[in-house]
Amino acid sequence: MADEPVMIRRTNTVEEADIIVAWLDEQGIEATVYDHENPGVIAFGVTDTEGIEIFVADAEIAERAKELLEEHDRLHAEEAAVTSGETVQVQCEECGHLNSYSDELRGSVQECAECDAYVDIPEAGE
Ligand SMILES: [Zn+2]
C-alpha cells in the first residue's frame with residue numbers, strides 16, 4: 001500500500017483544525033495540519049479562505065480517523081440539538097402572556113412579547 005498522506009478533513013480556521021488534530025491525538029491517531037498559505041508552517045490565528053486541510057499518514061489511518069470524526073460530529077450534533085431545544089416559559093406579571101425564551105437567557109431580564117413589561121427569566125432550578 002502506498003504511503004501517501006491522505007486528507008481527512010477541511011476546516012475554515014487553524015484553530016478548528018488544531019482542535020481536531022488534538023482530539024485525534026487523544027484517540028491515538030497522528031494527524032498533520034496543512035496550511036495552503038504557509039506550506040509546512042502551522043500559523044495560529046489565521047483564517048484561510050482556501051481552508052485548512054488535515055492529513056494523516058496513509059489510507060488505513062484515514063479510514064479510522066474518518067470513522068472517529070463522524071462519531072465525534074454526531075455526538076456534537078446531538079449536544080447542540082439538546083441545548084437549542086431548551087426553552088424557558090415565563091408568564092408576564094403585567095398582562096399574563098406566556099413568553100418562551102431560550103434557555104441561554106436564564107438569569108437575565110427580557111421584555112414581554114405582548115406588552116413590553118420587564119420579565120425576569122429565573123435561573124435553572126428556581
Ligand atoms: Zn406582558
Side-chain angles (χ1 to χ4, degrees):
M1 189 184 279
D3 251 10
E4 286 281 298
V6 179
M7 203 261 284
I8 55 161
R9 177 65 63 104
R10 192 191 300 271
T11 67
N12 294 322
T13 65
V14 176
E15 286 88 349
E16 203 181 333
D18 204 41
I19 289 166
I20 291 172
V21 168
W23 184 80
L24 283 171
D25 186 54
E26 278 174 33
Q27 318 301 314
I29 290 177
E30 198 180 319
T32 313
V33 176
Y34 182 83
D35 184 341
H36 281 280
E37 297 281 306
N38 304 289
V41 177
I42 298 171
F44 290 95
V46 176
T47 302
D48 187 338
T49 49
E50 286 285 307
I52 309 294
E53 293 178 347
I54 301 173
F55 283 84
V56 291
D58 60 43
E60 200 179 318
I61 298 171
E63 207 57 36
R64 265 166 57 214
K66 280 179 185 173
E67 274 174 32
L68 284 165
L69 281 174
E70 272 170 30
E71 177 74 10
H72 183 244
D73 287 348
R74 201 172 55 76
L75 290 172
H76 271 264
E78 278 173 19
E79 271 174 31
V82 168
T83 310
S84 64
E86 296 273 327
T87 56
V88 188
Q89 304 250 303
V90 186
Q91 191 164 25
C92 173
E93 288 177 15
E94 294 296 319
C95 73
H97 180 76
L98 193 62
N99 295 285
S100 286
Y101 299 100
S102 160
D103 201 52
E104 293 158 20
L105 295 172
R106 280 185 181 281
S108 72
V109 178
Q110 300 297 319
E111 287 178 3
C112 170
E114 194 68 25
C115 72
D116 291 341
Y118 291 117
V119 177
D120 289 316
I121 319 297
E123 296 280 0
E126 274 184 31

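At a threshold of 4.5 Å between side-chain heavy atoms, the hydrophobic network of Ile, Leu, Val, Met, Phe, Trp and Tyr places W23 and V56 in one connected group. Cluster membership check: I19 does not share its hydrophobic cluster with L68, using side-chain heavy-atom separations under 4.5 Å among Ile, Leu, Val, Met, Phe, Trp and Tyr. Note on Y118: it does not cluster hydrophobically with V90, by side-chain heavy-atom contacts below 4.5 Å among ILVMFWY residues.
No side-chain heavy atom of T32 sits less than 4.5 Å from a side-chain heavy atom of P5. The side-chain heavy atoms of T87 and Y101, taken from C-beta on, include no pair separated by under 4.5 Å. Looking at heavy atoms from C-beta onward, I29 lies in side-chain contact with R64 at the 4.5 angstrom threshold. Here the side chains of T11 and I54 are in contact, with some heavy-atom distance below 4.5 Å. By the 4.5 Å heavy-atom criterion applied to side chains, L24 and I8 are counted as neighbours. Here the side chains of L69 and I20 are in contact, with some heavy-atom distance below 4.5 Å. A 4.5 Å side-chain heavy-atom check between R9 and D73 finds at least one atom pair inside the cut-off.
Under the salt bridge (Lys or Arg N to Asp or Glu O under 4.0 Å) criterion, E93 pairs with no residue, sequence neighbours left out. Residues passing the side-chain contact (heavy atoms from CB on, under 4.5 Å) test with Q89 are L98, S100, sequence neighbours excluded. Residues satisfying the side-chain contact (heavy atoms from CB on, under 4.5 Å) test with E94, not counting sequence neighbours, are C92, C115, A117.
The closest donor-acceptor contact from the side chain of D58 to the backbone of E60 lies under 3.5 Å. Formation of a donor-acceptor pair under 3.5 Å by the N99 side chain with backbone atoms of A113 is found in this model.
Atom CD of E63 is surrounded by 12 or fewer heavy atoms from other residues, nucleotides or ligands within 6.0 Å.
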Evaluate the salt bridge (charged side-chain N to carboxylate O under 4.0 Å, His left out) criterion for residues E123 and R106: first the C-alpha distance (whole Å), next the side-chain angles of each, then the deciding distance (0.1 Å), finally the verdict.
CA-CA 5 Å; E123 296 280 0; R106 280 185 181 281; over 6 Å; no
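When all heavy atoms are compared, the tightest approach of P122 to V88 is CD-CG1, 4.4 Å. The heavy-atom pair separating V21 from A31 by the smallest distance is CG1-O, 3.6 Å. Residue E114 comes nearest to C95 through the heavy atom pair CB-SG, 3.8 Å, listed as atom of the first residue, atom of the second, then distance.
With no hydrogens or angles considered, a side-chain donor-acceptor pair links Q110 and S108 at under 3.5 Å.
The structure places CD of Q27 at 12.5 Å from CD of E67, a figure rounded to the nearest 0.5 Å. For the atom pair OG (S102) and CD (E104), the distance works out to 4.0 Å, reported to the nearest 0.5 Å.
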